[in-house]
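We number each residue from 1, following the sequence as shown. Because only heavy atoms are used, hydrogens play no part in the values below, and waters and symmetry mates are left out as well, while side chains stay in.
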Amino acid sequence: KDILRAYHTPARRLKSVQRPGLEQIYDANVDGDSYYIVSEFVRGEQLSLLMDRAEQLPISLALKIMIELGQSLHVLHSISTNKGPAPIYHQMLAPHCVMLTYHGEVKLTHAAISHGESMTLDKVPLSILSYSSPEECMGGRQADASSNVFTLGVILWELLTGSALYGMHDEFDIMQAICNTPPQPP
């Protein structure tokens, strides 16, 4: 229930945000004990599936994806309300949260967006943990703008090299590598 509540507040704020690179949120509400979010159906493919099929992407495509993701994250990080800045940080940013539409657009999906509510690493699937920032791994700190930028760097590495930067199969090994092992040049 806490996780659902963590998505609900930012999802309601996102209803007014319209940007081609962000999945549109149409409604976010509560019905009794149930939270729900109604969002745009994005026709396309998850970036993670494309990465699984391709050894590495052409540099021009990788850069297009990264530029559009960076612009979408900037919009999220710049959100404010009449009470002042109210940025939204993607708590579980990873290639599966990026859709490549059949029309060539890059869309960041909102399925795991939060503005710093309770999403700790012990609740994060292993496939997403390898995209966490060192700060998140060391102290369980919530995602912020700098951790989203770190994740963009990990995704770019993987797009250009065709291999996982932190491809271990154990949570402890992944967190140790993120915190203590500088990436080796490709």
Side-chain angles (χ1 to χ4, degrees), residues 3 6 10 19 21-23 44-78 87-101 104-186:
I3 291 174
R19 185 192 188 291
L22 294 172
E23 178 185 39
E45 181 175 18
Q46 290 177 334
L47 178 59
S48 59
L49 297 176
L50 178 62
M51 291 169 68
D52 288 344
R53 281 197 322 273
E55 278 195 30
Q56 61 189 88
L57 296 184
I59 292 173
S60 59
L61 178 57
L63 292 177
K64 172 189 173 22
I65 291 168
M66 297 311 296
I67 289 169
E68 292 189 28
L69 278 178
Q71 291 170 342
S72 294
L73 285 169
H74 177 71
V75 168
L76 293 177
H77 297 168
S78 301
I88 294 176
Y89 307 114
H90 207 298
Q91 292 288 70
M92 294 170 46
L93 182 60
H96 76 275
C97 295
V98 179
M99 294 290 293
L100 304 175
T101 73
E105 298 171 308
V106 177
K107 287 208 179 236
L108 181 59
T109 62
H110 299 126
I113 290 184
S114 179
H115 64 299
E117 306 261 343
S118 162
M119 175 57 75
T120 57
L121 289 178
D122 62 334
K123 299 175 186 165
V124 174
L126 197 61
S127 61
I128 296 170
L129 183 61
S130 59
Y131 296 96
S132 300
S133 68
E135 297 82 8
E136 291 172 287
C137 289
M138 287 189 300
R141 190 182 89 188
Q142 298 301 314
D144 62 13
S146 64
S147 58
N148 281 178
V149 171
F150 179 88
T151 300
L152 286 181
V154 174
I155 294 171
L156 179 61
W157 168 283
E158 294 182 1
L159 291 176
L160 294 176
T161 65
S163 62
L165 183 54
Y166 303 110
M168 297 80 180
H169 299 287
D170 174 82
E171 292 174 8
F172 181 78
D173 291 342
I174 291 171
M175 292 191 326
Q176 283 291 104
I178 290 170
C179 293
N180 300 319
T181 307
Q184 297 300 312

Show the nearest heavy-atom pair for residues [X] and [Y], with the distance to one decimal.
{"X": "L165", "Y": "P183", "result": "CD1-CB, 3.8 Å"}
{"X": "G21", "Y": "S72", "result": "O-OG, 3.1 Å"}
{"X": "A62", "Y": "L160", "result": "CB-CD2, 3.7 Å"}
{"X": "G162", "Y": "Q56", "result": "N-CB, 3.7 Å"}

Report yes if some heavy atom in the side chain of [X] is under 4.5 Å from a heavy atom in the side chain of [Y]; otherwise report no.
{"X": "M66", "Y": "L159", "result": "yes"}
{"X": "Q46", "Y": "P95", "result": "no"}
{"X": "L76", "Y": "L108", "result": "yes"}
{"X": "I178", "Y": "F150", "result": "yes"}
{"X": "L73", "Y": "L93", "result": "yes"}
{"X": "E171", "Y": "L129", "result": "yes"}
{"X": "T151", "Y": "I155", "result": "yes"}
{"X": "K107", "Y": "T101", "result": "yes"}

Just verifying a value: how many Å separate [X] [atom1] and [Y] [atom2], rounded to the nearest 0.5 Å?
{"X": "D144", "Y": "H90", "atom1": "CG", "atom2": "NE2", "result": "14.5 Å"}
{"X": "E105", "Y": "I65", "atom1": "CD", "atom2": "CD1", "result": "13.0 Å"}
{"X": "C137", "Y": "F172", "atom1": "SG", "atom2": "CZ", "result": "11.0 Å"}
{"X": "S132", "Y": "M138", "atom1": "OG", "atom2": "CE", "result": "12.0 Å"}
{"X": "M99", "Y": "S48", "atom1": "CE", "atom2": "OG", "result": "9.0 Å"}
{"X": "I128", "Y": "C97", "atom1": "CD1", "atom2": "SG", "result": "6.0 Å"}

Classify the ring geometry of Y89 against H77: parallel below 30°, tilted from 30° to 60°, perpendicular beyond 60°. tilted

Listed by chain and number, what are the side chain to side chain contact (heavy atoms under 4.5 Å, CB included) partners of A54, not counting sequence neighbours? L57

Are E45 and R53 close enough, and set up right, to give a side-chain contact (heavy atoms from CB on, under 4.5 Å), and what steps lead you there? CA-CA 12 Å; E45 181 175 18; R53 281 197 322 273; 2.3 Å; yes

Filter on side-chain hydrogen bond (donor to acceptor under 3.5 Å, both in side chains), then keep only pairs touching residues 60-70, sequence neighbours left out; what's left? K64-E68

Looking only at side chains, do Y131 and E158 share a donor and an acceptor under 3.5 Å apart? yes

For L22 and R19, what are the C-alpha separation, side-chain angles and deciding distance, and is it a side-chain contact (heavy atoms from CB on, under 4.5 Å)? CA-CA 5 Å; L22 294 172; R19 185 192 188 291; 4.1 Å; yes

